[in-house]
There are 2 protein chains.
Amino acid sequence: MYQYDYPHPAVTTDIVIFTLQDNELKVLLIERSNDPYQGCWALPGGFVDIDEGLETAALRELKEETGVTGVYLEQLYTFGRPNRDPRERVISVAYYALVPIDKLHVRPDSDASKAEWHACSSLPDLAFDHQQIVGLARQRLAAKMDYSTIGLNFMPDKFTLSELQRVYEIIKGVPLDKRNFRKRVLTFNGINDTGEKRQAGKHRPARLYTFKSQGTAEIIK
Amino acid sequence: MYQYDYPHPAVTTDIVIFTLQDNELKVLLIERSNDPYQGCWALPGGFVDIDEGLETAALRELKEETGVTGVYLEQLYTFGRPNRDPRERVISVAYYALVPIDKLHVRPDSDASKAEWHACSSLPDLAFDHQQIVGLARQRLAAKMDYSTIGLNFMPDKFTLSELQRVYEIIKGVPLDKRNFRKRVLTFNGINDTGEKRQAGKHRPARLYTFKSQGTAEIIK
DNA sequence: GCAAAAGTGTTCTAGGTACACCCATGT
DNA sequence: ACATGGGTGTACCTAGAACACTTTTGC
């Protein structure tokens, strides 16, 4: 039992974990095994330990839910509307993370009966105010695609420029011109030509590039 | 006495209140009358009531400290490093506000022995991690000046274009071209010519303009 | 008539957009 | 030889930057 002179809220982190799969932007959702909202889909997250930093808590959740580390993580917003949780006053510090396509090894932990990737374009009803959290995260992601290198964090260690262009097209939802796209990304010198090529199908092999600073998002322009 | 099965952190809001005075960007600081950091300068702020929204709490602090309402307020970031407060685990949701030059009627409340405006260029040592909070707020403000109408929230109800230009020059720290500046702000149709003029000194009177949507920051460009 | 801030257009430059063809490979 | 995606250059257009003089007022 822990006692305080004044009532204290509980503090959680919720984390919006994005990835790209099958040409779609997806978020990781867990099916809640406990009340409230039992059986309902929700964002991974949980209570912040009393001696644990906020980002540390988010990284812990991320690792527990997807097994990945060293990815792009950013604080999104703090949600604290009274009654957003029926149990007690809960203030949630939301984070969002970008997980490269090749790094995900989802292994749901004990709290969740299952964890699954859901396309952003057709999300189920979500517990609490998680719909709103996902919405804000998508908005932030889309905005940052324009003026930062955030998109590179979706890429595996080695990737082709066509793959990268596809990522931008999916998130922005518009087709891009190949020549202009290449001009722009090659002007920015944060990606390197590995010298290697990858053969995929009956056509010319593509050059492979790497992103120098995985896990970061530099502001450009 | 309030009891919980698991330890709960305390949650506060701290608020960085900016204004412009004497051609300088200033922040409102209070001198702490209680431990910890008694006698030290700190940001206004305080505990979030158990049934109070986060923004509501910030607005309450703002009103208590400066007596102003209806100004631009935005959530900045949530600071939660363990031990940032020596008393107990305290997670602080930081907000920042822009108060127009003519609206401020600072009246320190009981918590603070005094409240004073301090120039950002020469801040005293601050309590807790408040130096860091002010730093982040300044950074955000400077960035938003470039791509939003946030700067208009520093203006009184009626203002001249020269006054507005001066505001931008102070915050960006660089002189601006008068013709280009006027072209840009007049292209954006969120400010209106009142038709009135103001005589100030031995020179031609200046047109007075108003900002249509006080308390907001539209993204432009 | 002079000091002091208000007000007003044009030219130049750079970055973004639009656009079409050849190349390397597998079958 | 043909189908498939990889790779490359130029012309145009528009938004931002640089730049100097006239106007209105008070003293």
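Chain identifiers are assigned alphabetically (A, B, ...) following the order of the sequence lines, protein sequences preceding nucleic acid strands; residue numbering begins at 1 within each chain.
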Output the single nucleotide from C:dA24, D:dT25, D:dC19 whose closest atom is nearest the side chain of B:Asn180. D:dC19
Of the listed C:dA5, D:dG7, D:dA20, the closest approach to the B:Arg204 side chain comes from C:dA5
Side-chain donor-acceptor contact under 3.5 Å, B:Ser162 with B:Arg182: yes
Assign each of B:Asp177 and B:Lys221 the nucleotide of DNA chain D bearing its closest heavy atom; nearer the 5' end lies the nucleotide of B:Lys221
At under 4.0 Å, does any side-chain N or O of B:Ser162 touch on OP1 or OP2 of C:dA6? yes
Rounding to an integer number of Å, can you tell me how far B:Leu164 CG sits from C:dA6 P? 12 Å
OH of B:Tyr147 versus P of D:dG16: gap in Å, rounded? 17 Å
d(CD1, B:Ile220; P, D:dA15) in whole Å: 14 Å
When you measure only distances, ignoring hydrogens and angles, does the side chain of A:Lys178 come within 3.5 Å of the base of D:dG6 through a donor and an acceptor? yes
Taking the six-membered ring for Trp, are the ring centroids of A:Tyr77 and A:Phe79 within less than 6.0 Å of each other? yes
For atom CZ of A:Arg198 and atom P of C:dA24, their distance in whole Å: 20 Å
In a check of side chain to side chain contact (heavy atoms under 4.5 Å, CB included) between A:Leu208 and each of A:Asp157, A:Thr194, A:Asp193, which one passes? A:Thr194
Side chains of A:Ile191 and A:Leu161: closer than 4.5 Å at any heavy-atom pair? yes
Mind checking B:Arg184 for me? I need base, sugar-phosphate or nothing, with any heavy atom below 4.0 Å counting as a touch. nothing
Nearest to the side chain of A:Ala206, which nucleotide is it out of C:dA20, C:dA4, D:dG7? D:dG7
Kindly point out which of C:dT25, D:dT25, C:dA18 is positioned nearest to the side chain of A:Lys183? C:dA18
In whole angstroms, how far is the P atom of D:dG6 from the CD atom of A:Gln199? 11 Å
What is the distance from CZ of B:Arg179 to P of D:dA20, rounded to the nearest Å? 8 Å
If only side-chain N and O atoms of B:Arg182 are considered, is one of them under 4.0 Å from the OP1 or OP2 phosphate oxygen of C:dG7? yes
Rounded to the nearest Å, what distance is computed from the CZ atom of residue B:Phe181 to the C1' atom of nucleotide C:dT8? 16 Å
So does B:Arg184 have more than 12 non-hydrogen atoms from other groups sitting under 6.0 Å from CZ? no
Within this structure, what is the CG-to-C1' distance between A:Leu176 and C:dG16, rounded to whole angstrom? 13 Å
Result for 5'-nearest mapping on DNA chain C, choosing between A:Gly201 and B:Leu186, is B:Leu186
